[in-house]
2 protein chains.
Amino acid sequence: MDSTPTFNVLVPDCPSREIMQRLGDKWTPLVMLTLASGPLRFSELRQHIGSVTPKVLTSTLRTLERDGLVDRQVTAQVPIRVDYELTNLGLSLLEPMDAIRIWSEKHAAKVMAARELFDEN
Amino acid sequence: MDSTPTFNVLVPDCPSREIMQRLGDKWTPLVMLTLASGPLRFSELRQHIGSVTPKVLTSTLRTLERDGLVDRQVTAQVPIRVDYELTNLGLSLLEPMDAIRIWSEKHAAKVMAARELFDEN
DNA sequence: GTACTCAGTATCTAAAGGATACTATCAAAG
DNA sequence: CTTTGATAGTATCCTTTAGATACTGAGTAC
């Protein structure tokens, strides 16, 4: 008697597929990995990440907040202060995300070499 | 004396960042996980994945091939047969990708609940 | 009132993704 | 022979997402 619904990304209409596809959007992993070392303000996040525009960063953060992965704390001081922090759910995603990061860094040279070879032909 | 170049996705211009962002494009994880159980033809991939259009599947596969993650085998029979298969490099990415898949399936319900809560307010 | 900081919006353009229809190849059926 | 059918894609058009850049609102300091 297992009442837990099962999710399977390989089934087209399974909600887990859409969630996995969201996790891999362009800035989500970078935002999460940047928040891994602790809460940051909006402007700090921008500076750390570097090439993201405010519009896109805002929408990425809103989606993360909506999905329960990031918590947004507004402090009414002057100027206003907004801190972003990983939730427990967000923290639980950090390890898988970091595995992707480590793979990317470890195999970047191989991927670049493969690209050169491919583009030659 | 370490001559290995170091990559860091948190550095804006590091190639590993672009590679990580590519890995998380919309269909890449799904294609790789679908190929995890063995080689598949183009049409079989389409059927397994379900909702992907041929144009997008083709471009996803070309990118994967270019990055050295997938191998494309053409067999000149009639009708023509094209098989796609993970390379060793692609296989090495499977474990991190699968960790993301497992997380998505395990926490899908929590994410959906967070969304409902967020949308109420 | 002017200036400054912070956290965003607004507007416009460019790139990526999606729906749908079409093509090339060749073999077997009629 | 002409038609049908399978496979692996392209081509075309349209919508959605991302990027560049400029601007806004709140509020204290000067």
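Sequence lines set the chain letters: A, B, ... in the order given, protein chains first and strands last, and positions in each chain run from 1. Just the heavy atoms: all of them, side chains too, but no hydrogens, waters or symmetry mates, feed the values below.
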Original post:
Starting at the 5' end of DNA chain D, which residue's closest nucleotide do you reach first, Gln77(A) or Arg22(A)?
Top reply: Arg22(A)
Subject >> side chain to side chain donor-acceptor pair (under 3.5 Å) against Arg41(B), all qualifying residues, sequence neighbours excluded >> reply: none
Original post:
Can you name the side chain to side chain contact (heavy atoms under 4.5 Å, CB included) partners of Gln73(B), sequence neighbours left out?
Top reply: Asp71(B), Asp83(B)
Would you give me the side-chain donor-acceptor pairs under 3.5 Å for residues 96-108 of chain A, sequence neighbours excluded?
from      : atom 1 : to        : atom 2 : distance (Å)
Asp98(A)  : OD1    : Arg101(A) : NE     : 2.7
Asp98(A)  : OD1    : Arg101(A) : NH2    : 3.3
Asp98(A)  : OD2    : Arg101(A) : NH2    : 3.2
Arg101(A) : NH1    : Glu105(A) : OE1    : 2.7
Arg101(A) : NH1    : Glu105(A) : OE2    : 3.2
Trp103(A) : NE1    : His107(A) : ND1    : 3.2
Trp103(A) : NE1    : Ser92(B)  : OG     : 2.9
Ser104(A) : OG     : Ile100(A) : O      : 2.9
Glu105(A) : OE2    : Val9(B)   : N      : 2.9
His107(A) : ND1    : Trp103(A) : O      : 3.1

Subject >> Atom CD of Glu95(B) with >12 non-hydrogen neighbours under 6.0 angstrom >> reply: no
**OP:** Rounded to the nearest angstrom, tell me the gap between atom CD in Gln47(A) and atom C1' in dG8(C).
**Re:** 15 Å
**OP:** Kindly write out the residues that satisfy side chain to side chain contact (heavy atoms under 4.5 Å, CB included) with Ser51(B), not counting sequence neighbours, or none if the list is empty.
**Re:** Arg17(A), Trp27(B)
**OP:** Check each residue of residues 35-45 of chain A for a non-hydrogen atom within less than 4.0 Å of any atom in DNA chain C, then write out the ones that pass by number, or none.
**Re:** Arg41(A), Phe42(A), Ser43(A)
Original post:
Rounding to a whole Å, what distance do you find between Gln21(B):CD and dA16(C):C1'?
Top reply: 14 Å
Subject >> Interatomic distance where CD belongs to Glu18(B) and C1' belongs to dA16(C) [whole Å] >> reply: 14 Å
Subject >> Donor-acceptor contact below 3.5 Å, side chain Ser16(B) vs main chain Phe7(B) >> reply: no
Original post:
Is there side-chain contact between Val70(A) and Glu85(A), with at least one heavy-atom pair below 4.5 Å?
Top reply: no
Original post:
Got a sec, which residues hit side chain to side chain contact (heavy atoms under 4.5 Å, CB included) with Thr34(A), two or more places apart in sequence or on another chain?
Top reply: Leu40(A), Leu45(A), His48(A), Ile49(A), Leu10(B)
Original post:
When clusters are formed by joining ILVMFWY residues with side-chain heavy atoms under 4.5 Å apart, either directly or through shared neighbours, do Val74(A) and Leu35(A) land in the same one?
Top reply: yes
**OP:** Classify the nucleic acid contact of Lys55(A) as base, sugar-phosphate or nothing, counting any heavy atom under 4.0 Å across all strands shown.
**Re:** base
Subject >> Any residue meeting side chain to side chain contact (heavy atoms under 4.5 Å, CB included) with Leu91(B), in chain and number order, not counting sequence neighbours >> reply: Leu86(B), Asn88(B), Leu94(B)
**OP:** Show your reasoning for whether side-chain contact (heavy atoms from CB on, under 4.5 Å) applies to Thr28(B) and Leu69(B).
**Re:** CA-CA 10 Å; Thr28(B) 290; Leu69(B) 297 168; 5.6 Å; no
Original post:
Can you pull the contact range of chain A along DNA chain D, 5' to 3', using atoms under 4.0 angstrom from its heavy atoms?
Top reply: dA18(D) to dT28(D)
**OP:** Using heavy atoms to find the nearest nucleotide of DNA chain D for Asp25(A) and Arg46(B) separately, return the residue whose nucleotide is more 5′.
**Re:** Arg46(B)
Hey, what are the protein-to-nucleotides 22-28 of chain C N/O distances that come in under 3.5 Å?
none

Subject >> Strand contacts (DNA chain D) in residues 56-72 of chain B, 4.0 angstrom heavy-atom criterion >> reply: Thr58(B), Arg62(B), Arg72(B)
May I have the list of side-chain donor-acceptor pairs in residues 56-67 of chain A shorter than 3.5 Å, sequence neighbours left out?
from     : atom 1 : to        : atom 2 : distance (Å)
Thr58(A) : OG1    : Pro54(A)  : O      : 2.8
Ser59(A) : OG     : Val56(A)  : O      : 3.2
Thr60(A) : OG1    : Val56(A)  : O      : 2.8
Arg62(A) : NH1    : Tyr84(A)  : OH     : 3.4
Thr63(A) : OG1    : Ser59(A)  : O      : 2.9
Arg66(A) : NH1    : Asp119(B) : OD1    : 3.0
Arg66(A) : NH1    : Asp119(B) : OD2    : 2.5
Asp67(A) : OD1    : Arg115(B) : NE     : 2.5
Asp67(A) : OD1    : Arg115(B) : NH2    : 3.2
Asp67(A) : OD2    : Arg115(B) : NH2    : 3.3

Subject >> Separation of Asp25(A) CG from Lys26(B) NZ (nearest 0.5 Å) >> reply: 10.5 Å
